[in-house]
Amino acid sequence: MKILKFGGTSVGSIESIRTLLKLVEEETSRGGFPVVVLSAMSGVTNLLLSMAESAVEGKGFSQQLEELESRHFEVVKALVEGHRQNPVLTKLKLLFNELEELLQGVQSLSELTLKTRDLILSYGEVCSTFLVSYIAHQRIPEALCVEATELIKTDSAFGNAKVDTDFTQRLIHNFFQVNPGKLCFITGFIASDVNGRVTTLGRGGSDYTAAILGAALNAEEIQIWTDVDGMMTADPRIV
Ligand code: ASP
Ligand code: MG
């Protein structure tokens, strides 16, 4: 079994989602269903963070929320067949409403705990993974969206949680035993503590999610896909 992890740029546009799905289909026809780990759409984690910061400072966040919604809705309109769009738009709208309520809570209390911050950030991976798995499901009925909060258990160090490896390995084994023959799309970056509260694995943590799954499933390979023009000799954000 292979683990394929796709970062933010690989789920960040209509074109790159098409490419991602082509790669998953190619892998499926060669070696069976891979396990797919996804990040939030590019820039979305930062956007969520800045919304949370605006909220705690008592500033508005509706413009950013609109941006977030429209980035996801654009993908639905381009990649989901017309008659299947309603359920996915409704589910996304419900998630965005939940997020808005959370942010309103932060605004009224003028308080942003690390716990709440993790919950807010989790919407990035939850939305991207739901969306991409739904698109995949049109062609591959075995496609399944899995929230890693069900699979990866951590301590309660919100923001940079530490994984309980034994417990996590047991959960992952059980899950794949109960769900054989599925094409699982799994949220990167997020996990949960013993009380079921959402935690995160630190920025860029989706690579770590892929490694945790690869180790637990004894994967033959873990592929970390990214969307760049070539090999860079320096960080392109700096140089
Ligand atoms: N979305 C998270 C981040 O931007 C995790 C990841 O992309 O790996 O840090
Ligand atoms: Mg990364």
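Residue indices begin at 1 and follow the sequence shown. Order of listing sets the numbers, starting from 1, for every ligand and every atom in it.
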Self-check item: T200 side chain to D118 side chain, donor-acceptor N/O pair below 3.5 angstrom
Solution: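 Yes, because at least one side-chain N or O of T200 sits under 3.5 Å from a partner of the opposite role on D118.
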
Quiz prompt | pair F33-I140: side-chain heavy atoms closer than 4.5 Å | solution = yes

Self-check item: Of Y134, F130, Y123, F96, the residue whose pairing with H72 passes ring-ring contact (aromatic ring centres under 6.0 Å, His included)
Solution: F96

Quiz item: Rounded to the nearest 0.5 Å, how far apart are CG of L89 and NZ of K77?
Solution: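 Spacing of CG (L89) from NZ (K77) equals 6.5 Å.
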
Quiz item: For the residue pair I186 and A148, what are the closest heavy atoms and their distance?
Solution: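 In this case the closest contact between I186 and A148 is CG2-CB, 4.0 Å.
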
Donor-acceptor contacts under 3.5 Å from residues 34-47 side chains, at least two apart:
{"from": "S39", "atom 1": "OG", "to": "S206", "atom 2": "OG", "distance (Å)": "3.2"}
{"from": "N46", "atom 1": "OD1", "to": "R203", "atom 2": "NH1", "distance (Å)": "3.1"}
{"from": "N46", "atom 1": "OD1", "to": "R203", "atom 2": "NH2", "distance (Å)": "3.0"}

Self-check item: First-shell residues of ligand 1 [heavy atom, distance under 4.0 Å]
Solution: S39, T45, E125, F189, R203, G204, G205, S206

